[in-house]
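Chain naming here is simple, since letters A, B, ... match the order of the sequence lines and numbering starts at 1 in each. Only a predicted model underlies this, so the values are computations on that prediction, with no experimental measurement involved.
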Amino acid sequence: MNTRSRDRVAGKTLSISGKERRMQDVRVRFAPSPTGFLHVGGARTALFNWLFARRHGGAFILRMENTDIERSSGEREDDMLEDLAWLGLDWDEGPRKDGDFGPYRQSERIEIYRQYAEQLLEEEKAYPCFCTPEELERKRKERIEEGRPPRYDGSCRNLTGKERAKRRADGRPESIRFIVTEGEKKRFSDIIRGEVEFPHHMVGDFVILRSNGLPTYNFAAAIDDALMKITHVVRGEEHLSNTLRQLMIYDALGFGWPAFAHIPLILGSDRTKLSKRKGAPNIRDFRERGYPREGIVNYLAFLGWSPPDRDEILSVEELVREFSLERVSESPSIFDVEKLNWVSAQHTRRGGAARYFEEALPYIPGELKDRYRQDELREIFDIVSENMPFFSRLMEETVFFRPGPPGMTGEAVQMLKRREGLFSAFADAFGSCGEWNTECIRGAIKEVGKRCGVKGKELYMPLRAALTGALHGPDLASIVRIRGKKDVIGTLKHAAGEAARM
RNA sequence: GGCCCCUUAGUCUAGUGGUAAGGACGCAUGGUUCUCAGCCAUGAAUCAGGGGUUCGACUCCCCUAGGGGCUACCA
């Protein structure tokens with residue numbers, strides 16, 4: 001581990017006298033390309049930005065980087081916005097929430113980029129390029145074959161006015177390229193990685209305005225971050241080397257630099273970057289399976305970050321209180337559903353019906369909703385949510401409470417054999433229960449045990465099998481109580497009948 | 001090919017020259033219980049490799065390997 005300048009960076013931040021004020025003025029942004037549902041990587045980046053903003057009382061800005069017309073659409077933006085909102089990552093400025101630095105969709109800022117490109121052209125920091133995609137591709141291939149870096153060769157850089165006019169007249173595509181000055185380098189200190197340095201020559205003159213008039217990512221992002229007064233650019237590590245070009249834009253345009261924090265990527269179980277093709281997990285899927293958002297947020301926060309103390313189950317408020325970029329790790333992490341499930345189950349257990357019943361209600365089978373009162377359903381929820389990472393599990397987990405004779409597993413059927421008398425005894429004992437409560441039910445079960453001379457498994461298992469059709473499940477007395485006297489006795493009589501026929 | 005980032009158990013991580021390398025998920029065993037779950041206890045499992053620097057390296061430096069990113073008129 002590069003003990004790098006995390007210290008130096010932290011020390012530097014702390015030693016700035018205006019620190020208090022600076023931190024209050026924190027402005028961060030999440031700038032996704034609206035390509036559909038929010039995946040876990042984007043969600044984690046958004047979360048870190050949001051936590052940082054909330055921690056410092058700053059602003060969280062949402063900006064849509066939709067200059068790639070092929071991949072972006074309004075519908076996909078809606079999907080992403082919904083996922084973000086569902087996670088509770090509310091934005092202070094952005095689409096559907098106007099602020100002083102809008103518009104917040106790059107597609108609506110085209111004129112701004114065009115003007116800055118114009119300015120760079122006038123200052124001769126950029127030039128028009130008339131190369132066709134085919135020419136570019138050919139030159140690129142040649143350079144690679146020759147073992148040279150595949151950078152743009154700058155052939156349009158020194159075109160005369162006449163030459164330019166000629167190419168325009170020929171109707172060639174015209175893009176604008178930024179002039180990369182040779183022999184220099186950019187050095188900046190990343191909050192997570194420490195001092196990072198890139199030589200200018202690692203990129204060639206790059207396109208800032210495409211021939212279709214739309215800006216490229218690095219140009220638009222730099223301008224927007226500057227204009228939107230972003231103080232901390234917190235984004236995925238895949239953008240670390242893009243910082244070079246953005247820094248060149250900042251300098252050419254006379255903008256000051258923000259602070260940068262490049263957070264490690266989230267990888268798939270094969271240790272390579274998550275991708276849609278490989279079915280990268282997305283927030284919508286988890287949401288539809290009924291994961292509580294606290295569980296997801298909690299788990300995501302711990303991917304690449306950890307608080308100073310041991311606690312792993314934190315509420316959103318606690319996360320906000322504890323979060324700091326200094327404690328973000330620098331190595332990539334792998335998304336682990338097992339652990340997400342554990343974290344999530346912790347939240348549902350702690351929250352119980354009081355917190356999650358409403359949210360879980362849609363996943364409770366209609367059959368049970370018809371049969372039980374609301375308070376009974378809540379009880380059922382509390383019983384089965386001892387280990388419930390997501391609520392679509394309720395389908396299976398609530399079968400024990402379905403009224404009437406259950407479907408039987410093979411093992412359960414064996415339990416019925418020759419136990420006709422036992423079931424009748426249970427039916428009688430439950431029938432004579434005065435008050436239908438757990439105490440009386442337990443008493444009745446014991447009484448049957450005494451009368452029939454059986455105990456332990458021999459006593460409970462047949463009852464469980466007869467009632468639920470399975471050999472395992474929640475506490476029997478609770479099942480009996482909630483299902484009610486009538487249902488229990490009826491089901492037992494049915495079981496007695498079945499047993500008699502075996 | 002060039003430039004850059006990363007590397008502690010299967011996984012998430014703590015750790016900033018002297019520790020028995022700590023915690024969590026998962027796994028295994030035992031206890032509790034009618035069973036499952038839960039809970040409690042116990043256990044197996046880690047500093048990628050090699051060189052330095054140092055009295056002493058997981059920690060600092062270099063190299064190698066592996067992974068990743070950028071090198072696009074994708075973001």
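With both ends at atom C1', the span from B/C55 to B/U46 equals 27 Å, rounded to whole Å. Remark: the separation of the C1' atoms in B/A20 and B/U7 is 25 Å, to the nearest Å. Atom name P, nucleotides B/C47 and B/U8: the rounded distance is 11 Å, in whole Å. Taking atom P on both nucleotides, B/G38 is separated from B/G26 by 8 Å, rounded to a whole Å. On the P atoms, B/C58 is 16 Å away from B/U53, given to the nearest whole Å. If you take atom P in B/C27 and the same atom in B/C5, they sit 39 Å apart, rounded to whole Å. Only the P atoms considered, B/G49 is 39 Å distant from B/G31, to the nearest whole Å. Separating the P atom of B/C62 from that of B/C6 is a span of 12 Å, rounded to the nearest Å.
Applying the 4.0 Å criterion to OP1 and OP2 of B/C36, one finds that A/Arg393 has every side-chain N and O outside that range. Taking side-chain N and O atoms only, A/Ser329 has no distance below 4.0 Å to OP1 or OP2 of B/C12. Contact annotation: A/Arg210 side-chain N/O to B/A75 OP1/OP2 distance is under 4.0 Å. Applying the 4.0 Å criterion to OP1 and OP2 of B/U35, one finds that A/Lys457 has a side-chain N or O inside that range. The side chain of A/Thr67 contributes no N or O atom lying less than 4.0 Å from OP1 or OP2 of B/C74. Put simply, A/Arg310 has no side-chain N or O that comes within less than 4.0 Å of OP1 or OP2 on B/U13. In this model, the phosphate group of B/A14 is approached by a side-chain N or O of A/Ser306 to a distance below 4.0 Å at OP1 or OP2. Taking only side-chain nitrogens and oxygens, A/Arg151 never comes nearer than 4.0 Å to OP1 or OP2 of B/G2.
The side chain to side chain contact (heavy atoms under 4.5 Å, CB included) check on A/Ile110 picks up A/Tyr113, A/Leu214, A/Pro215, with sequence neighbours excluded. Applying the disulfide (SG to SG under 2.5 Å) rule to A/Cys156 yields no partners; only residues at least two apart in sequence or on another chain are considered.
Nucleic acid contact class of A/Ser331 (heavy atoms, under 4.0 Å, all strands): sugar-phosphate only. Nucleic acid contact class of A/Gly304 (heavy atoms, under 4.0 Å, all strands): sugar-phosphate only. Using a 4.0 Å heavy-atom distance criterion, A/Arg177 is classed as a sugar-phosphate-only contact. Residue A/Leu303 is classed as a sugar-phosphate contact, given heavy-atom separations below 4.0 Å to backbone atoms only. Counting non-hydrogen atoms under 4.0 angstrom, A/Glu237 reaches a base of the nucleic acid. A/Asn242 comes within 4.0 angstrom of a nucleotide base, judged by non-hydrogen atoms across all strands. Nucleic acid contact for A/Pro199: sugar-phosphate only, since backbone atoms but no base atoms lie under 4.0 Å from a heavy atom of the residue. Among the heavy atoms of the strands lying under 4.0 Å from A/Pro332 are primed sugar atoms or P, OP1, OP2 only; no base atom is included. Backbone-only engagement by A/Glu197 is indicated by non-hydrogen atom pairs under 4.0 Å involving sugar-phosphate atoms exclusively. Residue-level contact check: A/Cys131 touches the bases, meaning some heavy atom is under 4.0 Å from a base atom. Using a 4.0 Å heavy-atom distance criterion, A/Arg349 is classed as a sugar-phosphate-only contact. When heavy atoms are screened at a 4.0 angstrom cut-off, A/Glu386 is found touching the sugar-phosphate backbone but no base atom. In this structure, A/Leu136 reaches the bases: a heavy-atom distance under 4.0 Å links it to at least one base atom across the strands shown.
Side-chain to base pairing of A/Asn218 with B/A75: no donor and acceptor N or O lie closer than 3.5 Å to each other. Below the 3.5 angstrom threshold, one finds a donor paired with an acceptor across the side chain of A/Arg464 and the base of B/C34. For a distance-only test at 3.5 Å, the side chain of A/Ser241 fails to qualify as a donor-acceptor partner of the base of B/C3. Below the 3.5 angstrom threshold, one finds no donor paired with an acceptor across the side chain of A/Asn341 and the base of B/C25.
The side-chain tip of A/Arg245 points at the ring of A/Phe206 from less than 6.0 angstrom away and within 45° of straight on. Under a cutoff of 6.0 Å and an axis angle of 45°, A/Arg378 and A/Phe381 do not form a cation-pi pair.
In a base pair of the Watson-Crick type (N1 to N3 plus N6-O4 or O6-N4) or a G-U wobble (N1-O2 and O6-N3), with each distance short of 3.5 Å, B/U32 is matched with B/G38. Look at B/C27: its Watson-Crick or wobble partner, with both distances under 3.5 angstrom, is B/G43. Remark: B/G1 base-pairs with B/U71; criterion is Watson-Crick or G-U wobble with both hydrogen-bond distances under 3.5 Å.
Between A/Phe48 and A/Phe323, the angle of the ring planes lies from 30° to 60°, which puts this pair in the tilted group. Ring planes of A/Phe335 and A/Phe286: tilted class, angle from 30 to 60°.
Of the candidate nucleotides B/A24, B/C34, B/C39, B/A24 has the atom nearest to the side chain of A/Lys339. Listed candidates were B/C4, B/G23, B/C34. Nearest to the side chain of A/Phe198 is B/C4.
Nearest approach of A/Asp311 to A/Phe302, heavy atoms of both residues: O-CZ, 3.6 Å. Of all non-hydrogen atoms in A/His200 and A/Thr181, the two that sit nearest each other are ND1-O, 2.9 Å.
Rounded to whole Å, atom P of B/C4 lies 15 Å from atom CZ of A/Arg245. Nucleotide B/U32 holds its P atom 17 Å from the CG atom of A/Asp475, rounded to whole Å. Atom pair A/Phe302:CZ and B/G26:P shows a separation of 16 Å (rounding to whole Å applied). Put simply, NE2 on A/His201 is 11 Å from P on B/G2, counting in whole angstrom units. Between the CG atom of A/Asp309 and the P atom of B/G22 there is a distance of 19 Å, given to the nearest Å. If you measure from atom NE2 of A/His262 to atom C1' of B/G69, you get 11 Å, rounded to the nearest angstrom. Residue A/Glu238 contributes atom CD, which lies 12 Å from atom C1' of B/C74 at whole-angstrom precision. Rounding to whole angstrom units, CG of residue A/Asp336 and P of B/C27 are separated by 11 Å.
For the residue pair A/Asn218 / A/Gln246, a side-chain donor-acceptor distance below 3.5 Å is found, with atom types taken as modelled.
Annotation: A/Tyr217 is in aromatic contact with A/His239 [ring centroid separation under 6.0 Å]. Checked against the 6.0 Å centroid criterion, the rings of A/Phe188 and A/Phe260 qualify as a close aromatic pair.
Between A/Gly456 and A/Tyr217, the one whose closest nucleotide on RNA chain B sits nearer the 5' end is A/Gly456. Toward the 5′ end of RNA chain B lies the nearest nucleotide of A/Leu471, the other residue of the pair A/Leu471 and A/Leu265 mapping further downstream.
In this structure, A/Arg321 does not pair ionically with A/Glu318, as no charged nitrogen and carboxylate oxygen lie closer than 4.0 Å.
Against RNA chain B, the stretch residues 446-454 of chain A makes no heavy-atom approach under 4.0 Å.
Remark: ring of A/Trp342 not stacked against base of B/C25; the cut-offs of centroid gap under 5.5 Å and plane tilt under 30° are not jointly satisfied.
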